[in-house]
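Everything below concerns the one structure shown next.
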Amino acid sequence: MSAAMVELRGVHKSFGSLEVLRGVDLRVDPGEVTVILGPSGSGKSTLLRTVNHLEKVDSGSISVDGELVGYRRIGDRLHELPEREILRQRTKIGFVFQNFNLFPHLTVHQNVTEAPLSAQRRPKAEVNALATRLLERVGLADKARSYPGRLSGGQQQRVAIARALALEPKVILFDEPTSALDPELVGEVLDTVKDLAGSGTTMIVVTHEVGFAREVADTVVFMDEGRIVEQGPPSEVLDAPRHERTRLFLSKVL
Amino acid sequence: MPVEFSGTDGGDTHGAAAKAAKAPPARVRTHRGYGGNRVLLASTSRTATLPAGGAPADRGDTRETRTGEPPPKVITTRHPWRWVAAAGIAVLLAMAASALITNPAWEWEVVGEYLFAPSVLRAVVFTLELTALGIVFGFLLGTVLALMRLSGNPLLNSVAWGYIALFRSVPLILQLLFWYNLALLYPRISFGVPFGPAFFDIGTMDLIGPVTAAALGLALHQAAYAAEIVRAGLLSVDHGQREAAAALGIPRARQLFRIILPQAMRSIVPTAGNEIIGLVKGTSVVYIMALPELFYQVQVIYNRNGRVIALLLVATIWYLVMTSVMSVAQHYIERYYGRGRG
C-alpha cells in the first residue's frame with residue numbers, strides 16, 4: 001500500500017457544545033478524487049476546513065503528504081505550530097471557497113500571482129508566465145487585466161481555481177464550489193474541475209452535485225451528523241447504498 | 001384574432017394606457033424616471049396583434065401601426081415649481097453677491113493687500129505643516145491602536161480602549177495646554193532602563209518646544225479618532241478575504257498591507273478626509289500657544305492695523321482654498337481605492 005496523500009485519524013471538532021465532527025477517519029491516495037456528500041450540517045465543510053487548518057481540531061490528527069498539518073508531534077502530544085509554519089504548509093494545500101473570495105482590488109492576473117510571489121517567493125517572470133498559462137487553462141486568458149467584479153460568478157470561480165493551482169499544491173480542496181452560482185453557470189465550473197481531475201490532481205470536493213460525483217469521483221464519502229456513514233466507489237455508494245441514511249439522502253437530491 | 005394588450009403595472013399609468021388605447025394617437029404624459037413604463041406606454045397606446053407564439057410583439061413590430069397613424073409622442077412631466085424655486089434662489093444669490101461687493105466695510109482692497117503677504121503665506125505653510133504632522137502621526141498611532149483594539153490580547157485591547165476614551169474626552173485646547181506646560185510637571189526627561197539607570201536626560205523645554213508640543217497634542221488627539229476610523233475600516237472588510245489570504249499561505253503582514261488595508265481604505269478615506277479637513281481648521285486652536293499659524297497671524301496683523309474684518313476674510317479665504325484642494329484630492333484617492341468596484 002502506497003503512502004496516503006491526505007490522511008485523517010479520529011478527528012473531533014466542537015463549536016461550543018455542538019459536536020460537528022465525531023471521530024472522522026479518511027484516507028485519500030495520490031491522484032485520487034474524493035467527493036464528500038451529505039446533508040447540511042453534517043460537518044462536511046468543517047471537515048474540509050480542518051485539512052488546511054482553517055479550523056483547529058479538538059483531537060485527532062491530519063496529515064498531508066506525510067506531514068502533520070498544523071501540529072508537531074512531541075511524544076504522544078501534538079503541539080500547534082507557529083503561524084508562519086502553518087502558512088507554509090497551506091501553500092501545499094489549495095482551497096477553493098464557495099464564495100470565491102477573490103481579492104476585489106486586484107486584477108485577475110494579480111489574484112493568481114499574489115501567493116506564489118509573496119508566500120513562495122518565486123521569481124516574478126516565472127510566476128507571470130505561470131499565471132498566463134493557468135488562466136488559459138481555465139479559459140480566461142482574455143480577462144487577465146479585468147477586476148473580479150467585472151466577471152460572472154462562474155468566471156470568478158474559475159479564477160479562484162487558477163489561483164489555487166498557482167501554488168502548485170499537492171492537493172486541492174473544493175468547498176461547495178458551485179453552490180453560490182446561478183444554475184446556468186454551474187456547468188463551466190464543474191467542467192474545469194473535471195479537467196483537473198483528469199490530469200491526476202489529488203482533490204477533495206464537498207458538493208451537492210450528485211451527477212458530478214458519479215462522473216468524476218474515485219471515492220464517494222457520505223457524511224451525516226459528524227460521522228462518515230459510508231464510503232466507496234460511486235457505483236456502490238450512489239447506486240447501491242448499504243445504509244438507510246444514504247438511501248434517504250439520495251432519494252431527496254436525485 | 002387581434003388581441004389588445006396594455007401595461008398592467010401601476011394603477012396610475014395603467015389608466016393612462018387604457019385611455020390612450022381607446023383614442024389613438026394620444027399624447028401620453030409620463031413621469032420622468034419611469035423609463036421602463038415609458039416604453040411600455042408608447043407600445044400599448046394602440047392595439048397590436050400577438051404573434052403566433054403568443055409572445056407580445058416587440059417594439060419593432062408595433063412601430064408599423066395597422067391604421068397607418070404615427071406613434072404617439074411622449075411628453076415628460078413639466079416641473080413649473082422648480083423654475084419658481086430656481087428664480088427665487090437666483091435673486092437671493094444676487095443679493096448676497098451685491099451685499100459682499102458693494103459694502104465697503106468688507107474692505108476688499110485690504111484683503112487683496114494681505115492675501116499674499118509674506119507673513120500670511122508663511123502662516124499658511126505652517127498651518128499645513130501642523131496638519132500634516134497631526135494627520136501622519138495621528139493615523140500611524142491610530143492604526144497601531146486599531147490593531148491593538150482588534151487583537152486577542154486583553155491588555156493591549158483595554159489599553160487602546162482606555163487611550164481612545166481619554167483622548168476623545170478631553171478638549172483639544174486643554175490637551176495642547178498640558179503638552180505646552182509639560183515642563184511644569186516634569187522639568188527633565190531621562191532615557192534609560194525603565195525604573196533603572198538613565199543613560200542621559202534632557203530638559204523638557206529643550207525637547208518639547210512649542211512647535212513639538214502643538215504637533216504632539218494634535219497627533220495624540222487625532223490618533224484617538226483615527227483609531228476608531230481605521231478599526232471600522234478593517235471590520236468592514238469581508239471575513240472571507242482574510243480567510244482566503246490565510247488559505248493561500250500569504251504572510252501575516254502581507255495579508256494586512258496588501259489584502260485587508262487597501263480594501264479597508266474604501267471606508268477609511270471618506271471619514272479620514274473629514275478628519276483632515278477638520279484638522280486644517282482645528283490647527284487654529286494652536287493660536288493659544290502663540291504659534292504663528294494662520295489664525296494667530298491674522299490676529300497679530302489686525303491688532304496692529306485694526307482691519308479686523310478684512311483680515312478675518314484673508315484667513316477665511318485661505319482655509320477655503322486649503323480644504324477645497326483637499327476635497328479634490330480626496331475624490332481622486334477614493335477613486336483609486338474604489339478600483340475594481342465598478
Side-chain angles (χ1 to χ4, degrees), chain A residues 48-49 51-55 69-70 82-108 110-121 145-151 156 159-160 163-169 172-175 180, chain B residues 139 143 146-148 150-154 156-157 229-273 330-342:
Chain A
L48 198 70
R49 291 163 57 86
V51 175
N52 72 343
H53 207 65
L54 279 179
E55 300 289 354
V69 177
E83 186 174 352
R84 207 154 41 91
E85 279 298 301
I86 293 168
L87 289 171
R88 182 190 60 75
Q89 290 185 330
R90 286 193 183 129
T91 61
K92 295 203 236 161
I93 308 167
F95 200 99
V96 175
F97 294 87
Q98 181 177 347
N99 296 315
F100 331 134
N101 288 341
L102 292 179
F103 305 130
H105 61 302
L106 303 181
T107 64
V108 163
Q110 287 170 327
N111 263 280
V112 178
T113 57
E114 173 58 33
L117 289 174
S118 68
Q120 293 178 321
R121 302 188 163 280
R145 298 166 78 88
S146 304
Y147 286 99
R150 299 264 173 213
L151 272 53
Q156 289 191 45
V159 173
R163 181 174 73 172
L165 286 172
L167 289 165
E168 296 175 343
I172 304 186
L173 313 173
F174 292 85
D175 188 9
Chain B
F139 268 83
T143 306
L147 293 174
M148 284 167 72
L150 294 171
S151 93
N153 184 325
L156 291 184
N157 193 324
I229 293 169
V230 172
R231 186 169 72 97
L234 292 174
L235 289 177
S236 76
V237 178
D238 180 33
H239 178 68
Q241 291 293 307
R242 168 152 279 174
E243 203 160 63
L248 286 164
I250 296 170
R252 186 77 182 265
R254 178 90 177 172
Q255 287 181 24
L256 180 63
F257 289 108
R258 172 79 167 166
I259 307 297
I260 306 299
L261 259 184
Q263 296 187 61
M265 287 305 274
R266 278 182 80 228
S267 63
I268 291 176
V269 170
T271 332
Q330 182 187 340
H331 168 77
Y332 285 100
I333 294 171
E334 274 179 35
R335 205 168 65 171
Y336 172 77
Y337 282 110
R339 70 193 188 278
R341 315 265 186 163

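Residue numbers start from 1 in every chain, and the chains themselves are labelled A, B, ... in the order their sequence lines are given, proteins ahead of strands.
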At a heavy-atom separation under 4.5 Å, does [X] approach chain B through its side chain, its backbone, both, or neither?
| X | value |
| --- | --- |
| A:Phe103 | both |
| A:Leu117 | neither |
| A:Gln110 | side chain |
| A:Arg84 | neither |

Would you list the pairs meeting salt bridge (charged side-chain N to carboxylate O under 4.0 Å, His left out) in which at least one residue belongs to residues 96-108 of chain A, sequence neighbours left out? none

Euclidean distance, [Y] [atom2] relative to [X] [atom1], rounded to 0.5 Å:
| X | Y | atom1 | atom2 | result |
| --- | --- | --- | --- | --- |
| B:Ile259 | A:Asn101 | CD1 | CG | 11.0 Å |
| A:Leu102 | B:Gln241 | CG | CD | 8.0 Å |
| A:His105 | B:Arg258 | NE2 | CZ | 6.0 Å |
| A:Arg90 | B:Ile250 | CZ | CD1 | 11.0 Å |

Between A:Asn99 and B:Glu243, is a side chain to side chain contact (heavy atoms under 4.5 Å, CB included) present by the stated rule, with each step listed? CA-CA 11 Å; A:Asn99 296 315; B:Glu243 203 160 63; over 6 Å; no

If you tally heavy-atom pairs under 4.5 Å against chain B, which of A:Ala164, A:Ala166, A:Pro104 wins? A:Pro104

Using a 4.5 Å heavy-atom cutoff, which residues in residues 260-270 of chain B come close to chain A? B:Pro262, B:Gln263

Whatever's closer than 4.5 Å to a heavy atom in chain A on B:Arg254 counts as side chain

Restricting to non-hydrogen atoms, name the atom on B:Gly249 and the atom on A:Ala119 that form the minimum distance, rounded to 0.1 Å. O-CB, 3.2 Å

Please name the pair of heavy atoms, one in B:Ala244 and one in A:Phe97, separated by the smallest distance, quoted to 0.1 Å. CA-CE1, 3.6 Å

